[in-house]
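In what follows, a structure is listed as structure tokens, so that the remarks can point back to it.
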Amino acid sequence: MNDQFSAQPPPEPDPAAVGARPSSATGIRAITHSLRIALQQMGPRRTMSTLLNANQREGFDCPSCAWPDPDDRSVMEFCENGVKAIASEATLARADPAFFATHSVVELASRSDLWLDRAGRLTHPMMLDRGATHYRPVSWDEAFGLIAEELKALPTPDAAAFYTSGRTSNEAAFLYQLFVRLFGTNNLPDCSNMCHESSGYAMSRVIGVGKGTVRLEDFDLADSIWIVGQNPGTNHPRMLATLQAAARRGCRIVSVNPLREVGLERFKHPQEIAGVLGSGTPLASLLIPVRVGGDVAFFKGVMKRMLEEDEREGGTLLAHEFIARRTDGFDALRADLLAEPWDGIVERSGVSRQLIEEAAAVALASRRMICCWAMGITQHEHAVANIQSIINLLLLGGHIGRPGAGACPVRGHSNVQGDRTMGICERMPEAFLERLGAEFGFKPPRRDGFDVVDSIRAMHDGRVRVFFALGGNFLSATPDTEYTAAALRKCRLTVQVSTKLNRSHLITGERAVILPTLGRTERDVQGGAEQFVTVEDSMSHVHASRGVLEPAGPDLRSEVAIVCGLANAVLGSGTVDWDGFRHDYARIRDRIERVVPGFANFNERAEAGFYLPNSAREGRFETDSGRARFTVHPIPEQRAGNGDLLLMTIRSHDQFNTTVYGLDDRYRGIKGGRRVVFMNRADMEARSLASGDLVDISSHSLSGERVGRGFQVVAYEIPRGCIAAYFPEANVLVPVDHVATGSNQPASKSVVVRVARSVV
Ligand SMILES: Nc1nc2c(c(=O)[nH]1)N[C@H]1C(S)=C(S)[C@@H](COP(=O)(O)OP(=O)(O)OC[C@H]3O[C@@H](n4cnc5c(=O)[nH]c(N)nc54)[C@H](O)[C@@H]3O)O[C@H]1N2
Ligand SMILES: Nc1nc2c(c(=O)[nH]1)N[C@H]1C(S)=C(S)[C@@H](COP(=O)(O)OP(=O)(O)OC[C@H]3O[C@@H](n4cnc5c(=O)[nH]c(N)nc54)[C@H](O)[C@@H]3O)O[C@H]1N2
Ligand SMILES: [Mo]
């Protein structure tokens, strides 16, 4: 009965209002906007005590993004969007058993994502029986018993998949992957598969590490910082303070982005008087309006120009000594670049030759250069080529393994990088599995597991029958919403460990369970003692996080306690002392130290925090040849034909992934609605569309046609042939088979679509 309703966010009652974009990011409006949301949800006392503990040494790690904390923290080390994330978690509203008794699953599915989030914190384990219309409360024992029964009834452990989102602590993640591997599978899909999978894949193959090679202090030394396919004003607001400091001392900031993102143009620091009152600091001095998917062509153009200039100047401009001693493959890259015709570069990048030459001049003048990137680079079919092109550019100047320079994939979720370090990955290196097995006296499975896309397919064709999620919102975050919904509905059981209600609780298997958990902001008392957890930021810094608030309800359990309870129910009390771990997280850290390199004296060092080793940063390239590798990439094929458009799915200012905090996208001038599509005026005219018209967007792939209905057209400064709409509303259009070559990451920034006026 539960497959009668749509898995997508419902239509919106009112159209969005479209106004002018502001001229700078942050400033006083950001403070008032976020404090209003915080006060509404938490009240004044809770707001103050919570916010003053965000990102402090004795407090909790902000659950929003993975941007690191500076050493000289201010009392208010949080940003507008951190406040929204904290308010959403620390809200006083409750989705308790009475709430679930009032609202049927079908009714909840007709509500907006904003409404679902505002329902408040989950307080009690809940169960949806086969054919039931409403969730009912269950005891923890009953819930674990049911999950254990379903898992044990599977024909093989590989018929279960265990998802992780990126807020899970190191301690919980380590135990979770241990439990899953003891159970007998490597089916550990995670949000990283949709996020920086391409970065890890691309970087490890050419520089021998899959993580960024810079630290915050390098931003103080760089003379150019490139921000490629990233919108930090919305998604990593604390990064703007770092960029402001750099811009003030004359560092060049280059933004490569189809959109002029306000946050990169001008910034008013909310913690400076001048930032509140003045006109702000200009940030990016060079804006490159690359076409969606045009980055490989653009970087080829930049490097071609650099080579030509270098040869004109007798080989004095590139880092030839570094190239000769530390890298392979330069000659092949050089030959390829010199042979690449300029008209193709300009046409496919969408960037004029003059701008390409200006960018090349910045690169050539940089003695220390940092390249940052995010989803605008990783969510493409040719994502790996994108990233390796950026690495090529850095290597030409010798910018890896030197202070003030390097590669900086900016992570999303606050502990997504740590979860990977802890072994949340469907194919961990043999060395890790070896040590894990030796430490816990078992033989971890060696068959590769399913990542996100493979898990969806496996559920769809019946190979996976039980789906378990430690956090996140799998249904709404994954591509191909209706296909994924059908996949989840084919499961015997779906389980969500969650803090807040979301659509993954509504689109379920035959039976479903919700397990409510503590959030980052909450006190975690186990075995009579207060516990802390640890996280790793985007720059490989590991540190403690300790909640300060009373838990949202007496029945909540920590993620660690949930994993231990589950393991006890499924595996019994065998060789692993799950209760011991649950009562004292220091014991978990002792075991992490023995399995994962870089965690020596973990318990002693956790409070103060420490960096994990990074070979490329230290000047060693742990590739097969011991050298960094230049790679050659052809400019990707143009897939969009006549009349097609290329759709990118992006975040608005009032959301954290699938959690919608509000209906505005202030920096893009949108108010009160999310079902919008940004279009170039010329593309609108070619289709006789006017601002405010409603259109249906359709995408085609080998596996069929998908349609997203009723998007409101917004005329916008975006390259011709490209359109943008918000995630998760537009996920229905991303075909499950549209993935990055090599990394299998959904290519949600380049979907070939058509747009037609909605028929009413
Ligand atoms: N407030 C808030 N903070 C967040 C999140 C959130 O949702 N809200 N999400 C968190 C997570 S998990 C992540 S991964 C990060 C995401 O952070 P971002 O990667 O900044 O997020 P997106 O909105 O997906 O933005 C992608 C940017 O890439 C650009 N872009 C799209 N296609 C292309 C292209 O082909 N080439 C280039 N050069 N640019 C392109 C878009 O115009 C946009 O500016 O943020 C994290 N922080
Ligand atoms: N089309 C399109 N799709 C995308 C993207 C895109 O740019 N475009 N971006 C992708 C990216 S980068 C990412 S990272 C994924 C995100 O995918 P997910 O991580 O799966 O999604 P979130 O929306 O971050 O998950 C929100 C839910 O997590 C739960 N939660 C919050 N805090 C906690 C906690 O502390 N513990 C537990 N157990 N649960 C918690 C809450 O119930 C909340 O509803 O989406 C991807 N999907
Ligand atoms: Mo992400």
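By convention here, the first residue in the shown sequence is residue 1. Bear in mind the structure is a predicted one, so any value in this text is a computation, not a measurement. Counting convention: from 1, in listed order, for ligands and their atoms alike.
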* Considering only protein heavy atoms, which is closest to atom 1 (N) of ligand 1, and at what distance to one decimal place? -> Thr234 O, 3.1 Å
* Nearest protein heavy-atom contact for atom 41 (C) of ligand 2: which residue, which atom, what distance? -> Thr499 OG1, 3.4 Å
* Got the closest protein heavy atom to atom 21 (O) of ligand 2, with its distance? -> Asn473 N, 3.6 Å
* Asked: Between Arg520 and Ser414, is any side-chain donor less than 3.5 angstrom from a side-chain acceptor?
  -> yes
* Side chains of Ile650 and Asn231: closer than 4.5 Å at any heavy-atom pair? -> no
* Structure fact -> Among non-hydrogen protein atoms, atom 20 (O) of ligand 2 lies closest to Tyr163 OH, 2.6 Å
* **Nitrogen or oxygen of Met375 less than 3.5 angstrom from that of ligand 1** => yes
* **Qualifying residue for salt bridge (Lys or Arg N to Asp or Glu O under 4.0 Å) with Glu729, from Arg503, Arg651, Arg674, Arg675** => Arg674
* Counting each atom of ligand 1 from 1 as listed, which ones have a heavy atom of Cys195 under 4.0 Å away? -> 14 (S)
* **Sidechain-backbone polar pair: Tyr726 side chain, Gln655 backbone, donor-acceptor under 3.5 Å** => no
* Asked: With distance as the sole criterion, is a donor-acceptor pair present between the side chains of Tyr585 and Ser558 under 3.5 Å?
  -> yes
* Asked: Does a side-chain N-to-carboxylate-O contact under 4.0 Å join Glu265 and Arg260?
  -> yes
* Using the test ring-ring contact (aromatic ring centres under 6.0 Å, His included), find all partners of Phe450 that sit at least two apart in sequence or belong to another chain. => none
* To do: Say whether Asn193 and Asn744, considering side chains only, have a donor N or O and an acceptor N or O under 3.5 Å apart.
  => no
* Short list, please: which atoms of ligand 1 are under 4.0 Å from a heavy atom of Pro258? -> 30 (N), 33 (C), 37 (C), 39 (N), 40 (C)
* Asked: For ligand 2, does Thr517 get within less than 4.0 Å through its side chain, its backbone, both, or neither, judged by non-hydrogen atoms?
  -> side chain
* Structure fact -> closest protein heavy atom to atom 8 (N) of ligand 1 is Gln655 O, 2.6 Å
* Between the main-chain N or O of Ser748 and the side-chain N or O of His738, is there a donor-acceptor pair closer than 3.5 Å? -> no
* Numbering as shown, the atoms of ligand 1 that approach Lys749 to under 4.0 Å (heavy-atom distance) -> 24 (O), 26 (C), 31 (C)
* Of the listed options Arg167, Arg260, Glu261, His196, closest to atom 43 (C) of ligand 1 (non-hydrogen atoms) -> Glu261
* To do: Start with the C-alpha distance between Arg238 and Asp69, add both sets of side-chain angles, then the distance that settles salt bridge (charged side-chain N to carboxylate O under 4.0 Å, His left out), and finish with yes or no.
  => CA-CA 9 Å; Arg238 287 181 306 124; Asp69 311 313; 3.2 Å; yes
* Asked: Would Arg411 and Asp537 pass as an ion pair if we require N to O under 4.0 Å?
  -> no
* **Any side-chain donor near an acceptor of the partner, Thr741 and Glu381, under 3.5 Å** => no
* So is Cys65 polar-close to ligand 1, meaning N/O to N/O under 3.5 Å? -> no
* Asked: Between His653 and Tyr667, how do the two ring planes meet: parallel, tilted or perpendicular, split at 30° and 60°?
  -> tilted
* **Whether Phe467 and Phe474 hold their rings parallel, tilted or perpendicular, with breakpoints at 30° and 60°** => tilted
* From Ser414, Pro237, Gly412, Gly263 - option closest to atom 11 (C) of ligand 1 by heavy atom -> Gly412
* Asked: Just distances here: any N/O of Thr649 and N/O of ligand 2 closer than 3.5 Å?
  -> yes
* To do: Quick one: pull up NE2 in His382 and OG in Ser389 and give me the separation to the nearest 0.5 Å.
  => 8.5 Å
* To do: Verify whether one side chain among Gln496 and Ser504 offers a donor that lies under 3.5 Å from an acceptor in the other.
  => no
* Between Lys84 and ligand 1, find which residue part has any heavy-atom pair under 4.0 Å and reply side chain, backbone, both or neither. => neither
* Asked: Considering only heavy atoms of Gly471, which atoms of ligand 2 have at least one such atom less than 4.0 Å away?
  -> 37 (C), 38 (N), 39 (N)
* **Backbone or side-chain N or O of Val497 under 3.5 Å from ligand 2 N or O** => yes
* Sub-4.5 Å side-chain heavy-atom contact between Ile456 and Asp480 -> no
* To do: Could you tell me which atoms of ligand 1, counted from 1 in the order shown, lie closer than 4.0 angstrom to a heavy atom of Gly293?
  => 34 (C), 35 (O)
* Does even one non-hydrogen atom of Gln379 get within less than 4.0 Å of ligand 1? -> no
* What do we get for His236 next to ligand 1 when only non-hydrogen atoms under 4.0 Å count, side chain, backbone, both or neither? -> side chain
* Would you say Arg651 touches ligand 2, if touching means a heavy atom closer than 4.0 Å? -> yes
* Asked: Is the shortest N/O to N/O distance between Gly472 and ligand 2 below 3.5 Å?
  -> yes
* To do: Answer with side chain, backbone, both or neither: which part of Asn81 has a heavy atom less than 4.0 angstrom from an atom of ligand 1?
  => side chain
* From the candidates Val416, Asn235, Val292, the one that places a heavy atom nearest atom 6 (C) of ligand 1 -> Asn235
* Close-contact set for ligand 1 against His413 heavy atoms, below 4.0 Å -> 12 (S)
* Do any nitrogen or oxygen atoms of Thr658 lie less than 3.5 angstrom from nitrogen or oxygen atoms of ligand 2? -> yes
* Leu259: numbered ligand 1 atoms lying under 4.0 Å from its heavy atoms -> 42 (O)
* Starting from atom 42 (O) of ligand 1, locate the nearest protein heavy atom and write down its residue, its atom name and how far away it is, to 0.1 Å. => Asn257 OD1, 2.7 Å
* Of the listed options Leu264, Asp295, Asn231, closest to atom 37 (C) of ligand 1 (non-hydrogen atoms) -> Asp295
* To do: Would you mind checking which non-hydrogen protein atom is closest to atom 30 (N) of ligand 1, with the distance to 0.1 Å?
  => Gly376 CA, 3.5 Å
* Taking C-beta and beyond as the side chain, do Pro232 and Ile227 meet within less than 4.5 Å on heavy atoms? -> yes
* Residue and atom name of the nearest protein heavy atom (relative to atom 7 (O) of ligand 1), distance in Å to one decimal -> Asn657 N, 2.7 Å
* Structure fact -> Contact region, Met648 to ligand 1, non-hydrogen atoms below 4.0 Å, reads side chain
* Per-residue contact class, Asn502 against ligand 2 - non-hydrogen pairs under 4.0 Å -> side chain
* Return a yes/no value for Ala477: is any of its N or O atoms, backbone included, closer than 3.5 angstrom to an N or O of ligand 2? => yes
* N/O of Asn731 under 3.5 Å from N/O of ligand 2, yes or no? -> yes
* Examine Glu559 against ligand 2 and note whether any of their N/O atoms are separated by less than 3.5 Å. => yes
* Asked: How are the rings of Phe162 and Phe179 set relative to one another: parallel (under 30°), tilted (30 to 60°) or perpendicular (over 60°)?
  -> perpendicular
* Within-4.5 Å side-chain heavy-atom neighbours: Arg167 and Val535 -> no
* Structure fact -> So the atoms of ligand 2 within less than 4.0 Å of a heavy atom of Ser165 turn out to be 18 (P), 19 (O)
* Do ligand 1 and Arg411 have nitrogen or oxygen atoms that lie under 3.5 Å from each other? -> no
* **Distance-only donor-acceptor check, side chains Lys500 and Thr659, under 3.5 Å** => no
